[in-house]
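As the structure lists them, so they are numbered: ligands from 1, and atoms in each ligand from 1. All of these numbers come straight from a predicted model, not from anything done at the bench.
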Amino acid sequence: MYHDLPHNARFWSFLFAVDEDLAEIARKNACPCGGRLHCANYLRKPKGTPVQLPQAQCLRLSFCCDRDGCRKRVTPPSVRFLGRKVYLAAIMILISAMRQGPTPRRVRELSQRFKVNRRTIARWQIFWREHFPQTPFWKIAGARLTPVVKIVSLPYSLVDAFLRCHPPDVGWTQLLRFLSPITITGGLKIEVPQ
Ligand SMILES: [Zn+2]
């Protein structure tokens with residue numbers, strides 16, 4: 001059912017636009033010290049992307065405080081990158097979900113295309129099975145979902161919940177947005193906004 005990621009470049013540039021919005025919110029919030037945030041993006045080299053991403057879209061949007069003595073880096077949530085992982089969040093979610101879904105056979109094909117090895121996938125499984133459910137993010141967000149979504153396994157149940165009733169572009173965007181609070185350093189501790 002959920003065999004693939006959207007291939008069209010428009011989807012990936014839309015995700016970038018969502019990240020720009022998230023970055024703008026962070027910039028307006030300023031540094032916790034009260035200093036102004038200056039643009040300090042850095043280039044990432046995501047592995048095995050489904051479409052050839054222009055270099056600008058490989059940027060992790062980020063800021064640096066301009067106040068002397070602080071100079072703290074502030075990196076907003078992202079719908080494209082999950083923490084320090086080099087793969088795009090969508091690939092990590094899709095491949096992990098498909099291992100649990102009704103068609104695990106396709107996993108080999110996908111992991112070849114996205115150049116993900118078995119050890120990496122095994123680490124992702126541990127992340128979803130052991131770490132993710134323990135996060136304060138999931139304790140709150142999961143509790144809000146469970147009245148409507150039956151969580152059998154993660155992340156398959158999430159993919160199913162978000163993509164079942166929507167076209168892939170829309171479903172993926174909503175799912176990545178939902179998970180975006182966990183994409184920042186220390187973000188696994190961040191609570192979902194009400
Ligand atoms: Zn500061």
- Message: Measuring from atom CG of L59 to atom SG of C39, what distance do you get when rounded to the nearest 0.5 angstrom?
- Response: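 Interatomic distance, L59 CG to C39 SG, rounded to 0.5 Å: 8.5 Å.
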- Query: Any idea how many protein N, O or S atoms are nearer than 2.8 Å to the Zn ion (ligand 1)?
  - Reply: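 Protein N, O or S neighbours of the Zn ion (ligand 1) under 2.8 Å, waters not counted, come to 4.
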- Message: Please check: side-chain N/O of N41 versus main-chain N/O of S62, any donor-acceptor pairing under 3.5 Å?
- Response: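 Confirmed, N41 side chain pairs with S62 backbone.
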- Item | Linked, directly or transitively: F132 and F178 (ILVMFWY side chains, under 4.5 Å) |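 Both belong to a single hydrophobic cluster.
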- Item | Pair D160-S157, side-chain donor/acceptor within less than 3.5 Å |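 Result is no, nothing qualifies.
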- Task: Hey, can you tell me if W124 and Y87 have their rings parallel, tilted or perpendicular (30° and 60° cut-offs)?
- Result: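 W124 and Y87: perpendicular rings.
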- Task: Sort and list the pairs that fulfil salt bridge (Lys or Arg N to Asp or Glu O under 4.0 Å) and have at least one residue in residues 70-81, not counting sequence neighbours.
- Result: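 Every salt bridge (Lys or Arg N to Asp or Glu O under 4.0 Å) pair that includes a residue of residues 70-81, provided the two are not neighbours, is D19-R80, D68-R71.
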